[in-house]
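The structure appears right after this line, and notes come after that.
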Amino acid sequence: SESILVDQVDMFHIADEQDKNHLFYGLLLGLIESSQLKAGSKSVEELRSDLMQCLMKLPLKCKLGDETVEQHIKSRMVQEESNTSSIEDKLELYSQLMRNATGDDCYEGGALEVKLFAQLMNVTVALYDKEDDMLTRVEYIAAKGGDRPIIHLFRIPTNVQRRSGSLNPP
């Protein structure tokens, strides 16, 4: 895995502890910084909606990373688990909840949304974990096709103030 010093990262405070849109702000910022999107041309709400439209079109057995869409939904919808809900119903509910950018029923984005983003926007996404003063790449989601922009993101545990990092590749 690839590691870089935290000092090499331009950090931006993008959301407070209560905001569940920090991932989406980071994704939009990555698109803007890689010249794939004009600033202000897409909102968090629009990005959430675009990702959920993409998700709803995928077959349940479609692989996104190491898991199928069905496995992603089951792992994200544990609280809504019931014997009467079909996976299709859970997918529909998940999509509705993810489209909410505010309120108590707003879901934070996660691995599924990052994988959908990489596919929908045809960009490569590199994810990093912070370990002391280093960022270590833990996942690399390659875009289809050759020379595509790389969006670099790092993950911070949810009990820490949320920040997004924009990495300039060495």
Side-chain angles (χ1 to χ4, degrees), residues 1-55 58 63-67 69 71-73 75-76 94-95 97-102 106-170:
S1 67
E2 179 183 302
S3 295
I4 60 171
L5 290 170
V6 173
D7 297 10
Q8 294 176 284
V9 179
D10 295 324
M11 294 175 72
F12 303 94
H13 179 70
I14 56 172
D16 66 34
E17 188 77 20
Q18 303 303 313
D19 194 324
K20 295 183 180 177
N21 290 306
H22 55 93
L23 171 64
F24 303 101
Y25 291 127
L27 295 173
L28 287 173
L29 182 60
L31 287 176
I32 292 165
E33 289 188 348
S34 65
S35 300
Q36 301 301 298
L37 185 69
K38 182 181 173 197
S41 65
K42 188 177 286 282
S43 69
V44 165
E45 292 84 359
E46 290 169 319
L47 179 58
R48 281 177 170 267
S49 180
D50 291 350
L51 294 175
M52 291 305 101
Q53 285 176 13
C54 177
L55 178 64
L58 295 175
K63 283 280 217 179
L64 289 172
D66 295 335
E67 296 182 339
V69 169
Q71 290 168 323
H72 278 288
I73 295 302
S75 68
R76 291 296 305 264
Y94 182 80
S95 175
L97 293 170
M98 282 304 299
R99 290 173 199 254
N100 296 331
T102 59
C106 172
Y107 267 34
E108 288 185 273
L112 174 58
E113 286 70 37
V114 172
K115 289 171 176 62
L116 285 168
F117 173 83
Q119 180 177 319
L120 180 65
M121 300 301 177
N122 195 26
V123 295
T124 295
V125 177
L127 294 172
Y128 297 81
D129 278 342
K130 186 175 182 221
E131 299 170 10
D132 300 317
D133 289 337
M134 298 295 292
L135 293 176
T136 302
R137 189 170 70 198
V138 293
E139 191 164 0
Y140 190 81
I141 305 163
K144 295 201 185 311
D147 190 26
R148 298 299 304 150
I150 301 174
I151 308 295
H152 299 271
L153 300 172
F154 71 90
R155 304 182 298 191
I156 294 179
T158 56
N159 61 346
V160 177
Q161 188 176 34
R162 302 194 193 298
R163 293 186 179 274
S164 175
S166 171
L167 309 178
N168 296 321

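Throughout, residue positions are numbered sequentially from 1 according to the sequence presented.
Between the CG atom in L120 and the SG atom in C54 there is a gap of 5.0 Å [rounded to 0.5 Å]. Distance check, rounded to the nearest 0.5 Å: CG of L153 to CZ of R137 gives 13.0 Å. The distance from atom CD1 of I150 to atom NE2 of H152, rounded to the nearest 0.5 Å, is 4.5 Å. Separation of atoms NE2 (H72) and OH (Y94) is listed at 9.0 Å; rounding is to 0.5 Å. Taken to the nearest 0.5 Å, the CG atom of L112 stands 7.5 Å off from the CE atom of M98. For the atom pair D147 CG and T124 OG1, the distance stands at 9.5 Å (nearest 0.5 Å).
Contact of the Q119 side chain with the L64 side chain is registered, since non-hydrogen atoms from C-beta on lie closer than 4.5 Å. Residues Q53 and R99 are in side-chain contact: their nearest non-hydrogen atoms beyond the backbone lie under 4.5 Å apart. Contact of the L23 side chain with the L27 side chain is registered, since non-hydrogen atoms from C-beta on lie closer than 4.5 Å. For the pair V125/Y140, no side-chain contact is recorded, criterion being any heavy-atom separation below 4.5 Å from C-beta on. In this structure the side chain of E45 never reaches within 4.5 angstrom of the side chain of N100, judged on heavy atoms. Side-chain contact between I151 and L29: absent, with no pair of heavy atoms (C-beta onward) separated by less than 4.5 Å. Looking only at side-chain heavy atoms (C-beta outward), L28 and L47 come within less than 4.5 Å of each other. Residues K144 and N122 have side chains in contact (heavy-atom distance under 4.5 Å, counting atoms from C-beta outward).
Residues S3 and M134 approach most closely at CB-CE, 3.6 Å, considering heavy atoms. Across I141 and A118, no two heavy atoms sit closer than the pair CG2-CB, 3.6 Å. When all heavy atoms are compared, the tightest approach of L97 to R48 is O-NH1, 4.4 Å. Residues F24 and L51 share a closest heavy-atom pair of CE2-CD1, 3.8 Å.
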- Message: The test is side chain to side chain contact (heavy atoms under 4.5 Å, CB included); show your working for M121 and R148 and say whether it passes.
- Response: CA-CA 10 Å; M121 300 301 177; R148 298 299 304 150; over 6 Å; no

- Query: What do the steps show when you test L116 against M52 for side chain to side chain contact (heavy atoms under 4.5 Å, CB included), and what is the final call?
  - Reply: CA-CA 9 Å; L116 285 168; M52 291 305 101; 4.1 Å; yes

- Task: Go through Y25 and V44 one step at a time and tell me if the side chain to side chain contact (heavy atoms under 4.5 Å, CB included) criterion holds.
- Result: CA-CA 7 Å; Y25 291 127; V44 165; 3.4 Å; yes

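A salt bridge links D50 with K42: the closest approach of a Lys/Arg side-chain nitrogen to an acidic carboxylate oxygen falls below 4.0 angstrom. Ionic pairing of E113 and R76 is present here: one or more N-O contacts between side-chain nitrogen and carboxylate oxygen are shorter than 4.0 angstrom.
Partners of E139 under the side chain to side chain donor-acceptor pair (under 3.5 Å) rule, at least two apart in sequence or in another chain, are K115.
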